Amino acid sequence: MRLALLALTDDSRRFSPRKRRVADRLASATARGESRQTMLCAYLALALLVGLAGNAAARALVADPAAAIVIAAVAAREGAHAWRARAVVRRSRSQRRTHAHTGH
């Protein structure tokens, strides 16, 4: 049952490029982030599906932990990306406030 549910979830990958095109047409950073999130979730579901399927089909006991390592690496990468993006936004806001107070 879990494998079937994950297989259906993985089908969401096909919607992400469409979301990205719409986001680009709208010039919407929020929609672009949503399309990235959709793709990320789909890839994480695929990694989990491969791990569970490998574990169930071949009794490959390393498949599930290997999938977990992939998921953790992707999560760490995305977290670092979000952290850097947030720092850029803060820096930009700070610069705007400085310019507003100095009259430039």
Side-chain angles (χ1 to χ4, degrees):
M1 179 65 180
R2 289 181 291 175
L3 293 175
L5 180 61
L6 281 170
L8 289 173
T9 303
D10 185 52
D11 193 43
S12 66
R13 272 185 301 144
R14 63 189 170 106
F15 294 115
S16 185
R18 293 178 191 161
K19 282 184 171 184
R20 179 65 185 228
R21 284 192 296 270
V22 170
D24 289 343
R25 286 187 194 131
L26 296 173
S28 170
T30 303
R32 197 171 297 117
E34 175 64 26
S35 71
R36 183 180 172 101
Q37 182 69 27
T38 300
M39 185 61 82
L40 175 64
C41 288
Y43 283 134
L44 292 177
L46 179 62
L48 182 58
L49 177 65
V50 168
L52 288 175
N55 196 7
R59 297 285 183 224
L61 298 178
V62 296
D64 201 21
I69 290 170
V70 168
I71 290 169
V74 170
R77 180 176 168 262
E78 287 300 311
H81 175 76
W83 199 340
R84 282 191 302 272
R86 188 170 182 173
V88 168
V89 168
R90 283 183 179 162
R91 214 174 308 123
S92 175
R93 285 180 184 163
S94 175
Q95 288 173 350
R96 277 186 268 153
R97 279 190 225 119
T98 302
H99 288 294
H101 291 297
T102 60
H104 291 99

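Remember, predicted model here, so these are calculated numbers, not experimental data.
Cluster membership check: Ile69 does not share its hydrophobic cluster with Leu40, using side-chain heavy-atom separations under 4.5 Å among Ile, Leu, Val, Met, Phe, Trp and Tyr.
Counting all heavy atoms, side chain and backbone alike, Gly51 lies closest to Ala67 at CA-CB, 3.8 Å. Scanning all heavy atoms of the two residues, the minimum distance from Arg32 to Ala23 falls at N-CB, 3.3 Å.
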